[in-house]
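A short worksheet on the structure shown next.
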Amino acid sequence: MRIATWNVNSLKARLEKVEWWLERAQPDVVLLQETKLADDDAPHLPFRMAGYELLHHGEGRWNGVAIASRVGIADPVANFGDGPVRDSSAGAGSGETAEEDFDPFDEARMVSATCGGVRVVSIYAPNGRVVGSPFYTGKLAWFARLRRWLDEAADPGEALVIGGDFNVAPADDDVWDPRAAHGGTHVSPEERAAFGALLEWGLTDAYRGLRPEPGRYTWWDYRAGNFHKNYGMRIDHLLATAAVARRVVAAEIDREARKGKPVPSDHAPLFIDLDTPGELIDAGWDSAAGRIAARQAKDLAPRQAAGPGPRSG
DNA sequence: ATGTCCCAGTCTCTGGGA
């Protein structure tokens, strides 16, 4: 069983790329983030044509999470079960997300279901923008809500996977240059502690558990050729309870999906294989990835810290 | 390199978010 997660940066704009990747990677379950669609606009038919059911939780213009599965979808939960979120497609304008209006619990950032015997949770954590800002405080509060949901609605003994865009690089090895990112969001001690609180509950970083090498990322800024320089961050994760983690036999980030035309998302898909390695896993998903990472390790000699720091989705 | 991409509305450009 192959479980993937992918921040697609608009499912509408990325539909062709997503269809290509479903055919390429043959995932059984895909957790999607930043669909940027209202539920009424979710593309159920193309997924159905590819053999997948689609569970979508969106608000319109921003955010939006989904689960695509070809092994069934049961017991859906949206937004931690806290009720409907704001419709960001209607009346959106300047001030819509002004600081005083920001409420991460009023945005479509969580959807869950049971697929093929595994409860999966697709999450899109708030970005945080600037350390110390109300958006950053809201990000930390959102992570606390996620942890509380685990405490109240889940059990560390069950088969569960939380995947998505956490907007947190858990360790310095998860950032292209820790000095460049220092002082910014995604790497602050508080954000890493919020991530750690999820592990503490009973989850394992399924990718890192199997793949210790540095220099492998899931997000690269569109600008400045950052992807080709491998200036990225590992901020998308698949966290698994022990019942799932012990079954993980492979983990990969598919950098090929971050390349070429039509224009890709700024995130690459990440996936894990349970019990049986996928047919394509041994073919190599990007033979250049290791070479780039090795070159980057040498490049980590003196470099000026970048000014504004990274901004990721 | 302030370097790109996506969205909706003010709609062939702009502003906001990542």
Side-chain angles (χ1 to χ4, degrees), chain A residues 5-18 32-43 56 58-66 85-104 106-109 123-131 133-139 142 164-169 175-177 180-181 184-188 191 217-236 255 257-269 299 303-313:
Chain A
T5 183
W6 194 5
N7 179 324
V8 293
N9 186 17
S10 169
L11 186 52
K12 181 181 179 183
R14 221 64 63 201
L15 190 55
E16 183 181 335
K17 203 89 177 181
V18 170
L32 299 165
Q33 301 85 37
E34 282 207 87
T35 64
K36 297 185 177 179
L37 292 172
D39 288 337
D40 287 347
D41 297 324
H56 187 270
E59 63 184 77
R61 185 177 187 179
W62 306 114
N63 313 305
V65 285
V85 298
R86 175 191 60 226
D87 179 358
S88 70
S89 64
S94 62
E96 176 70 14
T97 52
E99 293 186 3
E100 61 270 22
D101 295 333
F102 178 65
D103 180 355
D106 200 23
E107 300 177 335
R109 296 183 175 278
I123 67 154
Y124 173 49
N127 174 285
R129 302 195 193 180
V130 177
V131 172
S133 70
F135 302 99
Y136 175 82
T137 305
K139 178 180 188 175
W142 187 89
D165 179 357
F166 288 67
N167 270 316
V168 174
V175 182
W176 84 100
D177 184 347
T185 56
H186 300 62
V187 301
S188 72
E191 289 163 275
Y217 309 125
T218 63
W219 169 86
W220 303 259
D221 196 303
Y222 279 119
R223 294 168 291 187
N226 276 7
F227 175 69
H228 297 288
K229 291 185 284 193
N230 200 31
Y231 289 1
M233 296 196 292
R234 194 176 71 94
I235 56 175
D236 300 85
R255 290 179 81 257
R258 179 61 175 75
K259 301 177 180 177
K261 300 291 181 181
V263 177
S265 169
D266 46 354
H267 296 250
D299 286 349
R303 183 189 305 145
Q304 294 295 324
R311 287 167 293 168
S312 79

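On a predicted model such as this, the values are computed, not experimentally measured, just so you know. Proteins come first, then strands; the chains are lettered A, B, ... in the order of their sequence lines, and each starts at number 1.
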Practice prompt. Begin from the C-alpha positions of A/E34 and A/N9 and carry the test side-chain hydrogen bond (donor to acceptor under 3.5 Å, both in side chains) through to its verdict.
Written response: CA-CA 5 Å; A/E34 282 207 87; A/N9 186 17; over 6 Å; no

What is the distance, rounded to the nearest whole Å, between atom [atom1] of [X] and atom [atom2] of [N]?
| X | N | atom1 | atom2 | value |
| --- | --- | --- | --- | --- |
| A/W219 | B/dT4 | CH2 | P | 14 Å |
| A/N9 | B/dC6 | CG | C1' | 6 Å |
| A/R14 | B/dC5 | CZ | C1' | 8 Å |
| A/K229 | B/dT4 | NZ | P | 12 Å |
| A/F227 | B/dT4 | CZ | P | 17 Å |
| A/K12 | B/dC6 | NZ | P | 12 Å |
| A/W220 | B/dG3 | CH2 | P | 21 Å |
| A/R258 | B/dT4 | CZ | P | 13 Å |

It should be established whether [X] places a side-chain nitrogen or oxygen under 4.0 Å from OP1 or OP2 of nucleotide [N].
| X | N | answer |
| --- | --- | --- |
| A/R223 | B/dG3 | yes |
| A/S10 | B/dC5 | no |
| A/R61 | B/dG9 | no |

Pairwise [atom1] distance for [N] and [M], with rounding to whole Å:
| N | M | atom1 | answer |
| --- | --- | --- | --- |
| B/dC6 | B/dC11 | C1' | 16 Å |
| B/dT12 | B/dC7 | C1' | 16 Å |
| B/dT10 | B/dT4 | P | 27 Å |
| B/dA1 | B/dC13 | C1' | 24 Å |
| B/dA8 | B/dG3 | C1' | 25 Å |

Item to complete: Take the angle between the ring planes of A/W219 and A/H267 and call it parallel below 30°, perpendicular above 60°, tilted in between.
Response: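 Rings of A/W219 and A/H267: tilted, 30 to 60°.
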
Would you check if the side chain of [X] reaches a backbone N or O of [Y] as a donor-acceptor pair within less than 3.5 Å?
| X | Y | result |
| --- | --- | --- |
| A/T218 | A/D236 | yes |
| A/K17 | A/P262 | yes |
| A/E59 | A/E107 | no |

Worksheet item: Can you tell which of B/dG3, B/dC6, B/dA8 lies closest to the side chain of A/A224?
Response: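 Ranking B/dG3, B/dC6, B/dA8 by closest atom to the A/A224 side chain puts B/dG3 first.
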
Practice prompt. Select from A/P126 and A/L11 the residue whose nearest nucleotide in DNA chain B is closer to the 5' end of that strand.
Written response: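 Result: A/L11.
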
Worksheet item: Closer to the 5' end of DNA chain B via nearest nucleotide, is it A/K36 or A/N63?
Response: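 That would be A/K36.
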
